[in-house]
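Here is the structure we will look at.
One-based numbering along the sequence shown.
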Amino acid sequence: MRSSPSQQAVESPLAWLLAFGLLLWAIFLTLGVQGGALLTAWLGELTKLSFSARQILAIGLVQTPLLAAPAAGLLLLKARPGAVARLTLLATAAAGMLMLPRVAFAPEAVYAAGLTRGLISMGFGLLLWVRAARDDGLMLKPRLGAAGFATTLAGIWMIPWWLYGALGDWFDIFVAGFQAAGMAFLLTGMAAYLMPRLVKWGGTPASNIGVGGFALATAILLTAGAWGQMDYQSLLMLAAPALGFPLAVLGARRAKYDLWSAWLLLFLAAFGPLAFSDPRETRLIGAISADTAAWTMRAAALNFGIGWFLTLLMAFFAPRRSFLERRVWAPLAGLAWVGGFALYLGMGQPGFYGDDFFVVLKTQADLKPALAIEDLNERRAWVYETLVDTADKEQAGLIAWLEARNIPYTRYYLVNGIEIHASVLRRWQLARRSEVARVLYSPELRPLPKPLAPEPGANHAPQEPTWGLEAIQAPRVWSELGVRGEGIVIGQSDSGVDGAHPALAEAYRGRDMGDDYNWYDPWGDTRSPVDLSGHGTHTLGTALGRGNIGVAPAATWFACVNLQRNLGNPANYLDCMQFMLAPHPQNGDPLRDGRPELAADVSTNSWGCPPKLEGCDQRTLWQATEALRAAGIMFVVAAGNDGPACNSLQTPPGNQGNALSVGAMNKERELALFSSRGPETLSPDGAIGPDLIAPGVWITSAWPGGSYNTTDGTSMAAPHVAGVVALMWSANPELRGDVAATEQILIETAAPYAGPDDGCGVPGEYPDTGAGYGALDAYAAVKRALELRGE
């Protein structure tokens with residue numbers, strides 16, 4: 001069909017220039033505003049900026065007026081340029097509506113926001129479908145060739161997700177499918193608005209594919225940018241826009257748009273990133289550390305490459321009239337899906353990996369009488385038995401309810417609670433039971449296509465004590481006081497330990513006893529000490545490693561894996577905290593087979609459980625650390641690396657006053673920029689900051705493979721304190737198990753903080769909100785412990 005003279009007038013070069021300028025402005029604005037909000041929100045997760053992630057995401061709403069104004073100004077354009085302007089305005093309105101759940105719901109409210117987004121997009125899309133049916137007629141029966149083309153593309157599109165992704169449980173799949181359906185209705189409705197108008201105004205198939213594909217790709221980018229909370233947004237913005245050109249191919253020749261074929265393509269293509277990735281795991285730290293986020297971003301990047309490669313092919317072949325022949329596409333569709341599913345079964349991660357939840361019961365054990373038991377082994381046995389008896393009694397009714405419904409569960413005693421292995425719908429039922437205090441989200445990581453492996457250490461073994469040991473005067477304790485940590489057991493809860501490392505191997509308690517009671521891995525069920533991260537080997541090396549790296553090189557250790565990857569949950573942390581109190585055989589029952597006489601004297605912990613990300617609330621781990629304290633176990637914990645913002649010390653257990661919280665200092669004895677600080681910590685016991693600071697910058701210690709590495713963090717500071725406690729208790733066995741007296745000595749002997757004020761508290765007032773009572777001094781603390789011996 002030739003263009004009429006009147007059409008040529010309204011499709012002047014200026015009209016096209018304005019229309020394409022609007023599309024380019026939409027792309028630039030979306031990448032700038034939405035990409036910037038995404039990146040800032042991600043960084044906010046790492047640094048605890050003074051404004052919330054929800055406030056950052058609200059910045060995205062700025063996009064709507066900045067784009068709607070020029071789009072509305074171009075509505076007077078006629079014919080095809082006018083259709084492009086109207087489509088852009090429709091996409092802007094839809095994006096604005098889809099951004100509302102991002103602001104209305106907290107970033108961790110993934111299900112609520114996802115279902116709301118799906119509902120909004122489905123409603124908006126169906127309105128566009130009704131308009132398409134009214135204006136151009138609705139193609140109720142899809143063309144077989146077009147359906148085969150759509151199914152083939154979707155099958156190819158799914159290959160990266162078959163290979164690199166993993167499904168959640170059935171409710172996760174339902175939410176993903178509902179969102180994918182809504183997105184498909186919305187975008188096919190937009191395609192059904194645009195493409196018939198391009199055809200009616202006389203565009204050639206090639207120009208319709210080019211113009212329509214560019215306009216629809218822009219509309220998809222707008223929609224994808226509005227979609228998620230620091231999660232799906234990043235995947236869809238990268239993967240989805242190339243689908244605009246296949247959508248254009250489906251309507252390049254006919255005034256009636258093939259809605260069902262287009263819907264099938266978009267639904268299947270959107271289902272991949274939505275169902276095979278966990279939005280809670282799609283975080284910046286996971287992308288950096290080669291965890292789940294890195295693999296999902298790789299899949300999205302492959303979608304990007306596949307999509308634009310296919311678009312280039314379509315540029316040559318799609319304008320041909322025979323392109324959508326069903327005899328070509330039907331067998332290709334079958335091949336794509338059968339082959340893709342075979343890849344999934346053979347090389348992917350088949351199965352269902354949904355999140356769990358943790359039920360905390362109202363009645364918790366009363367452990368106050370433990371303080372009157374003088375014999376430490378008797379006290380630990382009493383604490384263990386009291387905790388288990390309370391759990392047995394109070395959990396009986398809930399266990400009967402679960403077993404009657406065949407719901408799997410795991411019992412805990414350190415906190416009287418049960419981890420439930422069921423969908424989120426059960427959570428609502430359990431929360432109404434009379435014995436239940438609260439129900440916590442307990443995320444489970446989806447499997448990786450390739451196991452994590454630590455990067456090799458970059459350093460050699462230090463020839464002299466590290467600067468951190470010198471700063472706290474540990475070598476002086478060894479040489480002048482003759483104390484090296486003999487007779488003290490340090491328990492490590494971290495990513496694991498390289499048990500064969502020359503700095504650690506001889507001090508492993510399981511070297512003579514065996515791995516039962518000395519090594520527990522609830523993550524990977526490994527049978528002997530191993531570390532896939534390096535973090536745990538490094539921190540334990542600082543506490544007791546031999547060869548100029550450890551504070552208490554004559555102490556012994558045992559360990560538990562509570563954070564093999566970069567996301568934990570309340571249950572995994574409690575697994576290891578229970579193991580510190582009453583080690584059990586690797587295949588044993590923690591409630592029946594625990595041996596409290598093998599408990600850790602000192603528990604070193606360089607981890608935290610963020611409530612919004614990993615499910616811990618402010619009381620659950622506080623109850624657990626209170627129980628360990630009652631058992632005479634010194635619980636030393638890193639304050640966290642969320643500084644320099646004030647009020648950044650809010651992640652349990654590092655914010656708790658009943659644990660010994662440690663911030664980080666540098667060689668100049670100044671508070672490290674990253675070290676978390678108060679005064680608003682949200683701790684149930686009113687703590688306003690860490691208790692002490694210790695070396696945590698440029699710390700050299702052990703690394704897997706017998707190597708050494710240098711790294712920073714409050715994770716590196718905490719084991720310095722754990723090692724000093726081991727020295728104190730070795731020097732004066734009368735202090736062993738007396739947590740309060742030991743803390744008092746550490747506080748009284750700490751060197752006053754003389755670094756620059758961080759502006760978070762009152763200068764000169766102790767404890768300081770960032771530096772606590774000052775810098776750790778091993779020599780002064782051990783000397784004071786010796787002076788108290790025999791008193």
Do the side chain of [X] and the main chain of [Y] share a donor and acceptor less than 3.5 angstrom apart?
X	Y	result
D593	P585	no
W227	L235	no
D169	F171	yes
T152	A333	yes
Q586	W519	yes
D494	N562	no
D531	P704	no
R411	I418	no
S261	D258	no
Q349	G165	yes

Checklist entry - Checking side-chain contact (heavy atoms from CB on, under 4.5 Å) against Y344, which of L163, L167, I159 comes through? => result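 Testing Y344 for a side-chain contact (heavy atoms from CB on, under 4.5 Å) against L163, L167, I159 leaves exactly one candidate, L167.
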
Under 3.5 Å, side-chain donor or acceptor atoms of residues 263-276 against the rest of the protein: list the pairs with distances, not counting sequence neighbours.
none

Checklist entry - So, W129 versus W260, ring centres under 6.0 angstrom or not? => result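 Judged by ring-centre distance (under 6.0 Å), W129 and W260 do meet the cut-off.
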
Item to check | Check: Y708 ring centre within less than 6.0 Å of H501 ring centre | outcome: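 So the answer is yes for these two rings.
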
Checklist entry - Is it true that the side chains of D575 and Y412 contain a donor and an acceptor less than 3.5 Å apart? => result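 Y412 and D575 do have a side-chain donor-acceptor pair below 3.5 Å.
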
Item to check | N587-R527 side chain donor-acceptor pair, cut-off 3.5 Å | outcome: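 There is such a pair between these side chains.
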
Item to check | Criterion side-chain contact (heavy atoms from CB on, under 4.5 Å) on D356 and N569, from CA distance to verdict | outcome: CA-CA 9 Å; D356 298 326; N569 61 44; over 6 Å; no

To the nearest 0.5 Å, tell me how far [X] [atom1] sits from [Y] [atom2].
X	Y	atom1	atom2	answer
S277	L236	OG	CG	8.0 Å
I209	L216	CD1	CG	11.5 Å
E614	S442	CD	OG	9.5 Å

Minimum side-chain heavy-atom gap [X]-[Y] below 4.5 Å:
X	Y	result
F357	Y441	no
Y508	D515	yes
I27	F214	yes
Y353	L445	no

Item to check | Trace of the side-chain contact (heavy atoms from CB on, under 4.5 Å) decision for W607 with H535 | outcome: CA-CA 10 Å; W607 53 271; H535 187 271; over 6 Å; no

Item to check | Any residue meeting side-chain contact (heavy atoms from CB on, under 4.5 Å) with A262, in chain and number order, not counting sequence neighbours | outcome: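 With sequence neighbours excluded, A262 shows a side-chain contact (heavy atoms from CB on, under 4.5 Å) to T188, L247, L250, Y257, given in chain and number order.
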
Next on the checklist: Could you go through R254 and R143, starting from their C-alpha distance and side-chain angles, then the distance that decides it, and tell me whether this counts as side-chain contact (heavy atoms from CB on, under 4.5 Å)?
Outcome noted: CA-CA 12 Å; R254 297 170 179 259; R143 291 173 289 156; 3.1 Å; yes

